[in-house]
Amino acid sequence: MSIKIQKVDVGINFTEYCSNIIEKASSQYEKIVFICANRRPIRFIEQKLKIDTALKVDFFTIEEFARFLTITFSKKMPKVHTPIERDIFFLDLIKKIDSLYVKLGNSDAKVFPWAKKISKLFDEIDRQLLENRLSNFQYVEAIEPAKNILENLKNLYKIYKKEYEDFTYNGDFFIKSIPITESDKFQNRYENSCFIFVGTVYLSNSEKRILKNISNKNDIFFIVQDDLQRQDKFTKDNTNYDFETFSVVDRLIKQLKSLSKCEILESAKTNNRTTNIDFYEFSDTHLETSFIAETIKKEIQTTENKKSADNIAVILPQSHALLPLLSYLGKIKDIPLNITMGFPFSYTDFGLFIESLFNVVIDMKRKPKELYTVDSKLLLNLINSPIFSVFKQNKFNISEIKLKIITAKSSIYKFSENNDFFTSVLKPFLDINKMGDFYNAIKLLPDMIDKEILTDNEGYEFTSQVIHYFYTEIANSLEKINSERECNTLLAYYILKELIKDLSLPFEGQPLSGIQIMGMLEARLLSFNKIYFADVNEGILPFGDKIDPLLPESIKKEIGLTSFKEKEMLMKYNFFRLVYSAKNAVICYKSGDNTIEKSTRSRFVEQLILLKEIKEKQKITVNMPKIQTIKSLTKNRENKIKKDKDTVRYFENLNNLSPSSINRYMNCPYQYYLKNVKNIDEQITLDADFEYDKVGTLVHKLLEIHFKKYLNETVNKDIYLKIEKDIVKDIEKLPKGFNYKSEVAEYLGKLNSFQLDALKIILKFRIETFFKNTSYDFKNFTPIYVEKKLENSKLHIYGFADRIDEIQNEQGKIIRIIDYKTGTSTPFPKKNLDSVTIPKTPSNNATYDNTTLNAIRDAFGSIQLPAYIVMAKEKFTEEKVEASIYQIGSYQKNETIKSMSDKDIKIYNLALQYIINHMKNSEYIYAFNGTHCSYCNYNHICRFADNTVI
Ligand code: SF4
């Protein structure tokens with residue numbers, strides 16, 4: 001029996017080639033064991049086999065094979081450990097060695113990270129059969145805890161082997177598989193069978209032994225992909241160069257030859273294979289992923305065989321680019337997406353929520369227990385988590401806690417002992433004494449989440465999946481650990497951190513069709529017509545030389561463990577194999593010019609560029625797509641959700657709308673939907689604008705009080721300036737004389753003297769600037785109402801005018817409706833009404849898509865003033881009416897007042913009627929995203945949010 005080695009050129013479709021090999025072998029052997037480097041190609045190969053052949057084949061990855069052998073052939077099956085069970089086993093093992101436990105930190109929380117490192121190291125030593133190479137190393141340059149471990153390494157391994165007899169794990173499966181593959185039982189089972197190994201270019205010592213044993217009795221086919229055109233060899237200035245990109249293949253063949261009798265089969269070649277390679281540079285991930293997504297969307301329209309899984313693939317070496325890519329790709333009609341990579345749980349809102357929760361409880365744990373205090377910033381971080389938007393409404397008064405933190409401006413927040421948030425969310429984690437408490441605290445969280453928000457709201461599918469996955473994976477792992485084992489908050493945090501680190505969310509998809517999105521390792525052995533690579537940067541591809549705090553590279557080499565250099569060679573092979581196997585490759589990398597982190601394009605990119613320049617005998621230009629190009633590509637995306645039954649009912653029953661709610665709908669129906677239909681609280685921003693809410697209420701109230709005194713009296717300039725002086729006097733007296741019982745009064749009461757002085761200065765400056773700006777073209781007026789309710793019975797709308805004046809001019813009496821605005825970013829109404837065609841008689845039969853609504857939005861900017869005019873005209877039927885916004889935050893004279901007359905009232909009526917009808921009749925809720933999304937208080941949960949940084 002022998003090992004038959006065959007090289008296959010990377011240009012040949014490898015899965016197809018393998019399926020042909022299997023078909024041929026099936027006529028010579030009773031059974032075929034097919035062992036592949038990774039699982040994904042197996043699905044493609046299985047699909048291509050005849051049914052009779054497929055029934056003869058057992059498919060495995062190498063890890064699955066070792067596990068299968070251990071489970072099937074072991075006389076007494078040891079307990080298979082989960083990663084966290086194994087880490088806890090090592091923690092307990094170190095605890096038994098008192099001196100080492102003390103040196104590593106003398107507490108479970110401090111020793112746990114080392115236990116995890118030792119667990120991983122010993123697993124690798126098992127797989128590499130390196131027990132005999134171990135020593136108790138004296139390594140003075142290592143950090144103190146590592147030094148202590150290295151000094152005891154051999155002894156520790158011995159104790160581990162003795163104590164681990166009843167358990168098993170990854171590396172141990174390989175150790176156990178060696179004698180199994182020598183056994184009669186194994187050989188009888190696989191008599192007349194052949195083994196086909198594909199995709200492996202690196203063999204561990206245990207794998208070599210297993211291969212050697214199998215080759216004694218069975219035929220082995222070892223098929224490996226290679227660049228048979230040797231594209232990385234070139235001659236320049238009479239010197240030969242070789243990048244040795246595929247040297248791992250030659251090394252592998254050498255190793256196989258040393259194991260057993262080998263037969264080299266004729267290589268499978270292709271003629272004149274070429275890969276067209278383009279290079280693109282981006283400043284950040286969003287630009288990069290939006291470019292990839294939009295290019296794919298354009299290209300797919302003209303691609304034949306659109307649904308083929310061999311067509312287009314995107315390789316993401318880092319999973320953080322996955323969500324931006326998916327959001328830019330959206331749903332492409334009739335084209336399935338298949339994502340063969342997980343999204344790291346720690347990057348999700350829920351992952352960040354867990355991290356913030358532990359930051360808070362660990363901080364509380366450090367402080368005296370009876371004080372119930374926490375660092376305000378850590379608490380703010382936690383309660384700002386978007387996850388609270390899916391907590392049961394009103395269960396904890398998060399906004400109240402936020403308000404208290406902001407108004408008190410103290411670095412410490414004190415909970416009352418009975419505070420609901422404290423007892424329900426924090427206390428279970430503070431009171432962890434045993435593993436069982438930890439498990440119970442984790443299990444309590446789902447009860448606080450409002451499942452209806454998750455299931456009823458289309459935007460929450462991912463959050464729902466994240467939360468569900470967290471509980472099935474984490475809670476199940478914790479349940480397996482002895483519930484009586486001692487634990488504490490800090491250890492719980494470390495354990496959770498480790499569990500979360502390895503947790504990534506699988507995406508559903510159709511593996512055998514459509515656009516394929518995957519990581520580098522998942523793409524092994526596959527080939528595509530066009531392949532997009534993201535993030536081909538140093539530190540990513542190849543990944544950086546991470547310093548191992550436990551084991552320096554020199555000791556790794558001495559023991560015989562895989563060195564960083566070897567790992568880099570494997571990565572290089574995988575990358576170039578993938579590039580050369582494609583007809584077209586798009587290599588994207590980040591320049592990092594616009595980010596804090598400096599990014600350098602990968603040495604792999606440099607190699608490709610150099611080779612291309614030599615081949616084409618000219619300098620290669622790297623494309624740098626402009627932001628505008630990408631933006632215009634993304635602009636045409638239609639974002640909408642279909643109304644469900646409850647939403648349809650909500651809109652049908654709408655009545656008595658206010659101008660501001662109509663305006664909200666017009667500007668972004670999806671924002672209206674989140675706020676008004678789903679009742680989701682807006683995210684309270686913690687910037688200065690939050691306080692401007694209070695400042696705004698104060699200004700409104702002061703103006704109301706003082707203009708009320710002059711109702712139905714003519715206000716000339718002197719009186720006007722007197723009003724200003726009286727208001728300023730009132731400001732100086734603050735907080736006295738201000739009997740406005742509200743959160744504003746509460747807010748004033750909490751300010752210290754410095755803050756109060758600062759507030760007075762701001763208020764005075766605003767009032768004085770406002771009166772100054774409105775005094776230039778002053779005309780006498782008569783205030784006739786303040787805080788006056790207006791309505792329109794036909795449209796069923798109502799609102800409150802801040803002030804209503806009567807003015808006399810040459811044309812007669814004019815009624816002026818005033819709306820004070822105190823924010824800094826209020827959109828002014830435009831008067832671009834010629835650009836919009838509103839259906840003349842909006843009815844239930846009109847089209848309620850996004851086109852007309854968008855046009856109205858573009859024409860009006862804000863619909864509030866037209867709404868005031870329409871309402872005022874119902875009361876002041878005979879008079880001319882104009883409506884004005886008085887912008888009190890503005891320093892510019894010409895931006896202080898914006899007015900609209902009733903001249904176009906017919907269009908206002910039509911526009912308002914259309915918007916209201918749109919609310920009631922549109923089948924969809926549209927999201928009008930754009931640059932304004934960055935100011936939207938739903939940005940954090942909105943899946944349509946445009947977060948493009950310009
Ligand atoms: S983030 Fe943008 S798209 Fe989403 S609700 Fe807000 S404005 Fe609309």
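Heavy atoms only: backbone and side chains are in, while hydrogens, waters and symmetry mates are out. When a ligand or atom number is given, it counts from 1 through the structure's own listing order. Predicted model, so just to flag it, every value in this text is computed and none were measured.
Taking the side chain to side chain donor-acceptor pair (under 3.5 Å) definition, one finds that Tyr469 meets it with nothing, sequence neighbours left out. Here Ser922 pairs with nothing under the side chain to side chain donor-acceptor pair (under 3.5 Å) rule; sequence neighbours left out.
The ligand atoms of ligand 1 that sit less than 4.0 angstrom from a heavy atom of Asn929 are 3 (S). Ligand 1 places these atoms under 4.0 Å from at least one heavy atom of Gln671: 5 (S). Of all atoms in ligand 1, numbered sequentially from 1 with element shown, those under 4.0 Å from a heavy atom of Cys668 are 3 (S), 5 (S), 7 (S), 8 (Fe).
Partner Tyr672 forms a ring pair (Phe, Tyr, Trp, His ring centres under 6.0 Å) with one of Tyr665, Phe928, Tyr926 and no other, that one being Tyr665.
Residues Pro344 and Ser319 are in side-chain contact: their nearest non-hydrogen atoms beyond the backbone lie under 4.5 Å apart.
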